[in-house]
**Q** 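Before anything else, here's the structure in question.
Letters go in sequence order (proteins before strands), and every chain restarts at 1.
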Amino acid sequence: MAKAIPSRSEDYSLWYNELVKKAGLAENSPVRGCMVIKPYGFAIWEKMQQTLDQMFKETGHENAYFPLLIPKSFLNREADHVEGFAKECAVVTHYRLKTDEEGAGVVVDPEARLEEELIVRPTSETVIWDAYKNWIQSYRDLPLLINQWANVMRWEMRTRLFLRTAEFLWQEGHTAHATKEEARSETRQMLEVYAGFVEDYMAIPVIKGVKTESERFAGAVDTFCIEAMMQDGKALQAGTSHFLGQNFAKAFDVKFTTKEGKEEFVWGTSWGVSTRLMGALIMAHADDDGLVLPPKLAPIQVIIVPVYFKDEDLEKITKAVNPILDALKERGISVKFDTRDTHKPGWKFAEYELKGVPLRLAIGPKDLEKGTVEVARRDTKEKSLQPMDSIVEHVAKLLENIQDNIYSKAATFREENTKEANSWEEFRELVEQGFVYAHWDGTTETEDKIKEETKATIRCIPLNQTKEKGKCIFTGEPSQGRVLFAKAY
RNA sequence: CGGGGUAUAGCGCAGUCCGGUUAGCGUACCUGCUUUGGGAGCAGGGGGUCGUAGGUUCGAAUCCUACUACCCCGACCA
């Protein structure tokens, strides 16, 4: 079989880049750092969106849409926030082009300079909190639970398809609450929603935790995250949920009147996941033959490939396949019957493997004789002959099985590559391979030094951290528990 | 933004050092025949401003300069 993509062991980054392109997920655009998401890639993203959107609505949130452009002055309102994002903002300075008189084509019209420059949103806290000021007056207006699906832009130095692009798609939830406790519980609730989604749908186990001060979202009091392990042992932050305290309420003067008639600032949260999840999906499960999609997110869950010699054979196969198609669809399974005569079966097999379709059914003349179907699963590459009359049941069970198997494979991989380090030497060695739990003295200085020497960062202080007295791996100062270190995307 | 590399057909590459016919190979594409249970075979065919802009030269894919894009390694980051 012709190799479509490089292997992971040869060159992990190249494997990823080629896979994204060859599987038809995305490609680079004329503008550096931006990407074209192709139909197959977008279909996967849409499935994620639909699932998450439903989860948000079930937890009481409503969708809205705020503008792409934000007055520059808004960013200034919250000091930490501006510091966090200023370096990567694209700025709109003019509103008109004109034809150059010297024949250089279209040029920016210097007379059309904006009085106040606009920034392309890197995130929408400011423009949303500016609106909330008018939306919230009384405790009766709270809680305000809003989500938006949008694109944002962060002018990154180094970009990679899905993992880090200048423009990316995401959802951002922005909520306002009457009490600190309620906002805190919202923050944690959404973290649970994300963890549930990533584990149950994407089949990727995650570690829930709190970010250290240096990794915290600019403007937040606390940033919670879910961290996942990729197949090269590196960590990828799959989602974040921020407790904003009253920072944005104070910056944008969002107050409400309590039942008792007192005026108070509201408490805020924000939370988001992005197209970066696509990168996680790829790097957590895909192999040297291509994508491996969890059935719950696969645009096509079952592909049926006819194997035939003559047109009459295809007719007979089609007659046998049609009831299977109907029965599968009835059960809500997305299935495609690939009758193209422009490609041969072998070619199609390779193609659907590259695209990560969980199950493949092949039906040819021999199967019609014997009443069988060849069933091949993408995750294990196992092939078996199954009786045609019970195939629908079998497929339904297999899909569930594949979903579970992909998850446990990822979970096992993570277990095998997660270690505890108790000395600096041990730490340096272990952190090259995967996740390392180690004691830390709690200071940013130590965190920075460890990063400088090993390139590993504290991914989070795990929520399920067990109290354990120890000594900081780097300074030997006392520590109350282990934190999670890893190299990260 | 620093260091290194690359840019030649849709994709992957050779040719560049040492300038000289009509720029070549694989793959993909088109046509025909034979094929079809793991990316088919044969025959024929189409497709190139050699990244862009200058310069050197009788002559530039090849030499020189600048620029741009992409990849890898750093700094930055969801």
**Q** I want to check one thing: is the phosphate of B:rC76, taken as OP1 and OP2, less than 4.0 Å away from some side-chain N or O of A:Arg154?
**A** no
**Q** What contact category does A:Gln237 fall into here, base, sugar-phosphate, or nothing, at under 4.0 angstrom with non-hydrogen atoms?
**A** sugar-phosphate
**Q** So, is A:Lys455 near the phosphate of B:rG74, with a side-chain N or O under 4.0 Å from OP1 or OP2?
**A** yes
**Q** NA contact type, A:Phe168, heavy-atom cut-off 4.0 Å: base, sugar-phosphate, or nothing?
**A** base
**Q** Heavy atoms only, 4.0 Å cut-off, all strands: where does A:Thr240 land among base, sugar-phosphate and nothing?
**A** nothing
**Q** Using the C1' atom on both, measure B:rC50 against B:rU16 and round to a whole Å.
**A** 11 Å
**Q** Using atom P in both nucleotides, what's the gap between B:rA9 and B:rG51 to the nearest angstrom?
**A** 8 Å
**Q** For A:Leu163, which contact category applies under a 4.0 Å heavy-atom criterion: base, sugar-phosphate, or nothing?
**A** base
**Q** Would you classify A:Thr165 as touching base, sugar-phosphate or nothing, given that sugar-phosphate means primed atoms plus P, OP1 and OP2, and contacts are heavy atoms under 4.0 Å?
**A** base
**Q** For B:rC70, does OP1 or OP2 lie under 4.0 Å from any side-chain N or O of A:Asn17?
**A** no
**Q** Would you compute the distance between atom CD of A:Glu213 and atom CD1 of A:Ile458 and round it to the nearest 0.5 angstrom?
**A** 11.5 Å
**Q** Categorize A:Asp367 for me: base, sugar-phosphate, or nothing, with a 4.0 angstrom heavy-atom threshold over every strand shown.
**A** base
**Q** With heavy atoms under 4.0 Å as the rule, sort A:Ser13 into base, sugar-phosphate or nothing.
**A** sugar-phosphate
**Q** Measure distances between side-chain N and O atoms of A:Lys381 and base N and O atoms of B:rG38, and say whether any donor-acceptor pair falls under 3.5 Å.
**A** no
**Q** Within 45° of the axis and under 6.0 Å from the centre of the six-membered ring of A:Phe474, does NZ or CZ of A:Lys449 qualify?
**A** no
**Q** Under 4.0 angstrom, heavy atoms only, what part of the nucleic acid is A:Lys366 near: base, sugar-phosphate, or nothing?
**A** base
**Q** Of the options A:Ser274, A:Ser124, A:Ser270, which is the one that meets A:Glu172 in a side-chain hydrogen bond (donor to acceptor under 3.5 Å, both in side chains)?
**A** A:Ser124
**Q** Counting the benzene-type ring for Trp, do A:Tyr201 and A:Tyr407 have ring centres under 6.0 Å apart?
**A** no
**Q** State whether the side chain of A:Asp288 and the backbone N or O of A:Arg8 hold a donor-acceptor pair below 3.5 Å, judged by distance alone.
**A** yes
